[in-house]
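What follows is a single structure, written as structure tokens, with notes after it.
The shown structure was predicted, so the numbers you read here are calculated from the model rather than taken from an experiment.
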Amino acid sequence: MKITVFGGAGFLGSHVCDKLSETGHAVTLFDRANSPWLRPDQTMIVGDILDEAAVGKACAGAEVIYNFAGIADIGEAEVNPVDTARYNILGNTIILEAARRAHAARFIFASSLYVYSKAGGFYRCSKQSCELYIENYRMAYNLPYTILRYGSLYGPRADRRNAIYRFVREALERGRIEYFGLPTALREYIHVEDAALCSVEVLAPEYADSNIVLTGAIPMRVGDLLKMIAEMLGKDIKFDFLGDGKSGHYEITPYSFNPHIGKKMIPRLSTDLGQGLLRVIEDLHRELNPNLTTEMGYLVKKD
Ligand SMILES: NC(=O)c1ccc[n+]([C@@H]2O[C@H](COP(=O)([O-])OP(=O)(O)OC[C@H]3O[C@@H](n4cnc5c(N)ncnc54)[C@H](O)[C@@H]3O)[C@@H](O)[C@H]2O)c1
């Protein structure tokens, strides 16, 4: 199928583009940054989602349209409410309108577990608004959709905005990890490649017009996760739990009572958290020590 992916150069979007191309789809990425992970069989369009003409052109002829573009960080959204409305809400509506005009068979949106929680601040407001617009485009214009409510992702291509990346980096660089919440905070981490695979599987007809929750299968306390990282590194790591109730993040559950329930999707095969963490550690170790190389599975110094 011909598929256009907005935000396809980002952390999650780039992995979804990889999986779509591996499945044989013709993928066009639209992003304001060139993708460092662009494959030779993919097409790149550099542009802004607020540019209606460019978005319309990128959607023409596309059967499926994904949107991963916008402000993805809760902290950034909290201090930029106007930009959050502009890029997340207006930007998504511009893409929805282009999808309707292109008679797309499916519009797929990256929402969040925070969408109907009390946590998440302006980020949550933007996701809630997008979900309402998408549902209304279905009612008003018959545009089929799938909303994916992602949980806490981790894995390759993440940056400092990603919790696990930051934990491992701080542990390696400073021997100390700072966490803005409490050690009892619960998370269900999901590896980005598992999430990306599920994001492609939802192209199946049974996922049309549904809201899907995509998180890891096993809840874990942040305090235990940090201990796990320290054990894997074999180092004495200090933890600073700041217990900041205003960080915008939830403690035990992102859910609060509301009628917009999503169905949970469990990946058929999933990356074990321990294995996934080891890979994050290895990637970061290599990034911080470019003089090391891998031989037979071991990191060794180049001569
Ligand atoms: N990473 C997570 O843990 C997570 C969890 C839940 C939901 N999500 C959602 O998934 C989506 C992708 O998240 P991510 O972590 O990959 O973020 P990211 O910042 O890595 O990717 C976003 C991409 O959108 C592009 N972009 C931003 N504004 C743009 C604009 N105006 N025009 C064109 N391109 C623009 C950026 O250049 C970037 O490549 C977001 O909607 C985010 O809210 C992410």
Side-chain angles (χ1 to χ4, degrees), residues 3-14 16-17 28-36 44-60 62 64-102 104 106-141 143 145-150 153 157-162 199 211 246-250 254 260:
I3 300 183
T4 302
V5 182
F6 290 88
F11 169 50
L12 174 57
S14 66
V16 174
C17 289
T28 297
L29 290 73
F30 184 108
D31 201 297
R32 64 178 171 196
N34 253 311
S35 175
M44 176 86 229
I45 301 174
V46 176
D48 196 301
I49 53 170
L50 297 182
D51 180 343
E52 288 179 56
V55 169
K57 224 169 138 191
C59 289
V64 175
I65 291 157
Y66 283 82
N67 182 20
F68 296 99
I71 295 182
D73 183 60
I74 292 184
E76 192 185 337
E78 212 44 29
V79 294
N80 293 296
V82 176
D83 274 349
T84 303
R86 199 182 337 263
Y87 293 114
N88 291 12
I89 306 174
L90 178 59
N92 187 59
T93 311
I94 289 173
I95 300 171
L96 271 171
E97 182 59 22
R100 159 176 101 88
R101 288 177 191 273
R106 191 89 66 87
F107 178 83
I108 301 181
F109 177 68
S111 186
S112 156
L113 258 196
Y114 282 93
V115 67
Y116 285 109
S117 98
K118 290 197 174 68
F122 292 120
Y123 176 76
R124 163 189 45 110
C125 298
S126 74
K127 293 297 182 190
Q128 224 176 82
S129 175
C130 287
E131 288 206 7
L132 292 174
Y133 265 86
I134 292 165
E135 286 159 2
N136 215 62
Y137 259 85
R138 176 70 174 110
M139 277 197 291
Y141 298 120
L143 175 66
Y145 73 88
T146 303
I147 289 170
L148 296 172
R149 294 178 182 161
Y150 297 97
L153 303 170
R157 304 179 187 169
D159 60 27
R160 280 180 189 278
R161 294 170 299 163
N162 181 264
S199 309
N211 301 29
K246 294 202 196 90
S247 69
H249 293 268
Y250 61 86
H260 294 253

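Using cut-offs of 30° and 60° on the angle between ring planes, the pair Tyr141 and Tyr137 is tilted.
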Hey, mind stepping through Tyr150 and Ser199 against side chain to side chain contact (heavy atoms under 4.5 Å, CB included) and telling me if it holds? CA-CA 10 Å; Tyr150 297 97; Ser199 309; 2.8 Å; yes
For Arg86 and Asn80, what are the C-alpha separation, side-chain angles and deciding distance, and is it a side chain to side chain contact (heavy atoms under 4.5 Å, CB included)? CA-CA 10 Å; Arg86 199 182 337 263; Asn80 293 296; over 6 Å; no
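For the pair Ile95/Ile49, a side-chain contact is recorded, criterion being any heavy-atom separation below 4.5 Å from C-beta on. Taking 4.5 Å as the limit, every side-chain heavy atom of Ser126 sits out of range of all side-chain heavy atoms of Tyr87. Phe6 places a side-chain heavy atom less than 4.5 Å from the side chain of Ile65. Counting heavy atoms from C-beta outward, Lys127 and Phe109 have side chains that approach closer than 4.5 Å. With a 4.5 Å cut-off on side-chain heavy atoms, Asp83 and Glu76 do not count as touching. Within the 4.5 Å cutoff, no side-chain heavy atoms of Glu78 are placed close to those of Tyr123.
Annotation: cation-pi pair Arg161/Phe11 absent, no NZ/CZ under 6.0 Å from the ring centroid and within 45° of its normal.
Closest heavy-atom contact between Arg32 and Val46: O-CG1, 3.5 Å. Minimum interatomic distance between Pro36 and Ala9 (heavy atoms only, all atoms of both residues): CD-O, 4.5 Å. In terms of heavy atoms, Phe30 sits closest to Ala54 at CE1-O, 3.8 Å. Closest approach of Ala104 and Leu143 over heavy atoms only: O-CD1, 3.7 Å. Looking at every heavy atom in both residues, Gly8 comes nearest to Leu29 through O-CD2, 3.3 Å. Taking every heavy atom of both residues into account, Gly120 and Ile74 meet most closely at O-CG2, 4.1 Å.
Aromatic pair Tyr145/Phe107: centroids not less than 6.0 angstrom apart.
The distance from the CD1 atom of Ile71 to the CD1 atom of Ile89 is 10.5 Å, given to the nearest 0.5 Å. For the atom pair OG1 (Thr93) and OH (Tyr133), the distance works out to 5.0 Å, reported to the nearest 0.5 Å. The structure places OG of Ser14 at 9.5 Å from CG of Asp31, a figure rounded to the nearest 0.5 Å. Note that CG of Asn92 and CD of Glu131 are 10.0 Å apart. Values are rounded to the nearest 0.5 Å. Atom CG of residue Asn88 and atom SG of residue Cys125 lie 11.0 Å apart, to the nearest 0.5 angstrom. Rounding to the nearest 0.5 Å places CG of Leu113 at 8.5 Å from CZ of Arg149.
Between Glu97 and Arg101 a salt bridge is recorded (basic side-chain N to carboxylate O distance below 4.0 Å).
Inspection of the Ser117 and Arg124 side chains reveals no N or O donor paired with an N or O acceptor under 3.5 Å.
Applying side-chain contact (heavy atoms from CB on, under 4.5 Å) to Ile108 and the options Val64, Ile3, Ile134 leaves one that passes, Val64.
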